[in-house]
Amino acid sequence: MTSPITLEDSDQDVAPSLFPATILRTDAEALQAAHALAEAAQLEVIQRDRERRLPWELVERFTASGLGSIAVPRAFGGPQLSYVTIAEVFRIISAVDPALGQIPQNQFGLLGVLQAAASEEQQQRLFASVLAGWRIGNGGPERGSKHTLDIQARLVQRDGRWLFSGEKFYSTGALFAHWIASKALDDQGRPWLAFIQRGRPGLRVVNDWSGFGQRTTASGTVLLNEVEVDENNLIPLWPLADKPSIQGAFSQLIQAAIDLGIADGALRDTLDFVRHKARPWIDAKVERAGDDLYVIADVGRLQLELHAAEALLHKAARVLDEVAASAIDADAAARASIAVAEAKALTTEISLQASEKLLELAGSRATLAEFGLDRHWRNARTHTLHDPVRWKYHAVGAWHLNQRHPARHSWI
């Protein structure tokens, strides 16, 4: 399956083709589908990164396999698989191609927003579209703003029509999506989330992402010039400030799973290169690089830190499963956010360490373009910039020392 889209940089927006999607019902089915997709993604992963070749066929395979809807609640016809399984799906895929893992990342975060903020009618209709194979992309933050919550986009009502105008960036998933979800302020300064169908006049998605890592995510620009939004696709966001939820923790859980996948893939390539290609250092007095005592110690340290990050990620996912099983109050929401923050602190650190140590332990030969090993560090460094890990440590410390609840937004 390949998309016919060729006009992402033109003035006419074109929606992707829509293909039927399976609905997965068990954790085992989802994990099997993730492993199958990862195996397919392994082919030409280096070439895709090198050439910035967008993984259209793999994205469509992700959707058709049913992986795109595993977080849809059972009450609306979905499988509502465990957060443990969802995190593992993203780790499995990202260990091979974290750009492919990042593309649907915002879809899952936005499914969490729907659960937290949308009306029952909106949930029924939008969840049904995801089950049918529609993808949701993000009309992301805005360049040149003071911070990520500084919204310049505007939503105005004119002659009975709602019109959305603004310029968004970091719009991961938008190019591949059927829905674009984006935030704007109304004339009272209140934030809304608008679900906009691709192909609407005034909408333009531009593949201008030039980041040195995560090269094939198409995390570029979305331009909106008085794009009409159906009123029943407008979701008020300001009530979320007073409503405890795990929406932010869920979004961060997926971020952490992607980072853990990057670390996993980097360490796998380290072991393979050291075993089969690297030369030992002369002072080690050994025949194989894998017998160098310092290399062995470094690999042992990386493996332990990877296992620690993996354990905290699984623990955080279990906390989300526990919290989601009953009514969520402020303490429960905070507990979920802190559990994920602890995991994300370690997944950030190990993704950077493993991808950098890969080059150190493998030696200068590992820098050759034919091996494409630099992609691991570039991907880790790029993806971990999503939000600063230093604030995770602050949130964790404030919780344990002063019982202070973390901020309530999508980054904690």
Side-chain angles (χ1 to χ4, degrees), residues 70-76 78 80-88 90 105-120 122-123 126-127 138 141 147-149 181 183 190-193 235-260 311-348 386-412:
I70 58 176
V72 173
R74 293 189 193 94
F76 297 97
Q80 194 178 344
L81 299 185
S82 71
Y83 289 105
V84 172
T85 293
I86 293 170
E88 182 64 6
F90 275 87
Q105 159 191 306
N106 284 316
Q107 171 162 313
F108 280 70
L110 289 161
L111 291 177
V113 175
L114 288 178
Q115 284 187 268
S119 69
E120 184 174 352
Q122 289 172 324
Q123 291 177 344
L126 294 172
F127 284 141
N138 183 39
H147 49 72
T148 192
L149 291 178
K183 298 175 185 178
R190 301 176 303 180
W192 295 80
L193 180 67
I235 299 170
L237 293 180
W238 65 91
L240 284 179
D242 300 316
K243 180 182 177 182
S245 76
I246 58 171
Q247 180 264 320
F250 180 31
S251 177
Q252 286 288 296
L253 183 77
I254 295 173
Q255 301 274 5
I258 294 170
D259 292 336
L260 184 66
L312 276 187
L313 183 70
H314 288 171
K315 177 185 175 183
R318 289 194 299 270
V319 170
L320 263 64
D321 283 324
E322 293 168 9
V323 169
S326 57
I328 301 173
D329 60 18
D331 286 338
R335 185 163 69 92
S337 288
I338 293 302
V340 176
E342 290 177 350
K344 196 167 189 298
L346 288 199
T347 60
T348 295
H386 181 271
D387 50 277
V389 73
R390 60 186 178 273
W391 280 93
K392 307 302 182 209
Y393 292 108
H394 176 272
V396 171
W399 167 261
H400 288 289
L401 182 62
N402 299 318
Q403 295 78 53
R404 187 182 305 156
H405 287 187
R408 193 173 291 165
H409 53 56
S410 297
W411 299 274
I412 188 66

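Small disclaimer: the values here were computed from a predicted structure and weren't measured.
Counting only heavy atoms from C-beta outward, the side chains of F250 and V340 never approach each other to under 4.5 Å. Counting heavy atoms from C-beta on, the side chains of L320 and V84 never come closer than 4.5 Å. Annotation: side chain of I338 is in contact with side chain of H400 (closest heavy-atom distance under 4.5 Å). Here the side chains of W192 and K183 are not in contact, with every heavy-atom distance at 4.5 Å or above. Proximity of F90 to F108: side-chain heavy atoms (C-beta onward) are separated by under 4.5 Å at one or more points. Annotation: side chain of Q115 is not in contact with side chain of Q247 (no heavy-atom distance under 4.5 Å).
Between A336 and I246, the closest heavy-atom pair is CB-CG2, 3.8 Å. Annotation for A333 and P244: closest pair CB-CB, 4.0 Å, computed over non-hydrogen atoms. Nearest heavy atoms, A407 versus I412: O-CG2, 2.8 Å. Of all heavy-atom pairs between V389 and A345, the closest is CG2-CA, 3.5 Å. Scanning all heavy atoms of the two residues, the minimum distance from W238 to P191 falls at CE3-O, 3.3 Å. When every heavy atom of A117 is checked against every heavy atom of P236, the shortest pair comes out as CB-O, 3.9 Å.
Residue pairs meeting the salt bridge (Lys or Arg N to Asp or Glu O under 4.0 Å) criterion with at least one member in residues 391-412, sequence neighbours excluded, are D387-K392. A salt bridge (Lys or Arg N to Asp or Glu O under 4.0 Å) check over residues 326-341, counting only residues at least two apart or in different chains, returns the pairs E322-R335.
Residue I254 holds its CD1 atom at 10.5 Å from NE2 of H386, rounded to the nearest 0.5 Å. Note that the CD1 atom of I86 and the CD atom of Q80 stand 8.5 Å from one another [nearest 0.5 Å]. With rounding to the nearest 0.5 angstrom, the CG atom of L253 is 11.0 Å from the CD atom of Q105. The line from OG of S251 to CG of L110 is 8.5 Å long, rounded to the nearest 0.5 Å.
The side chain to side chain contact (heavy atoms under 4.5 Å, CB included) test with K344 singles out one residue from D259, L260, L312, and that residue is D259.
Between the side chain of Q122 and the backbone N or O of L114, no donor-acceptor pair lies under 3.5 Å. For K243 (side chain) and A116 (main-chain N/O), a donor-acceptor pair under 3.5 Å exists by modelled atom type.
Around NE2 of H394, the count of heavy atoms belonging to other residues, nucleotides or ligands within 6.0 Å does not exceed 12.
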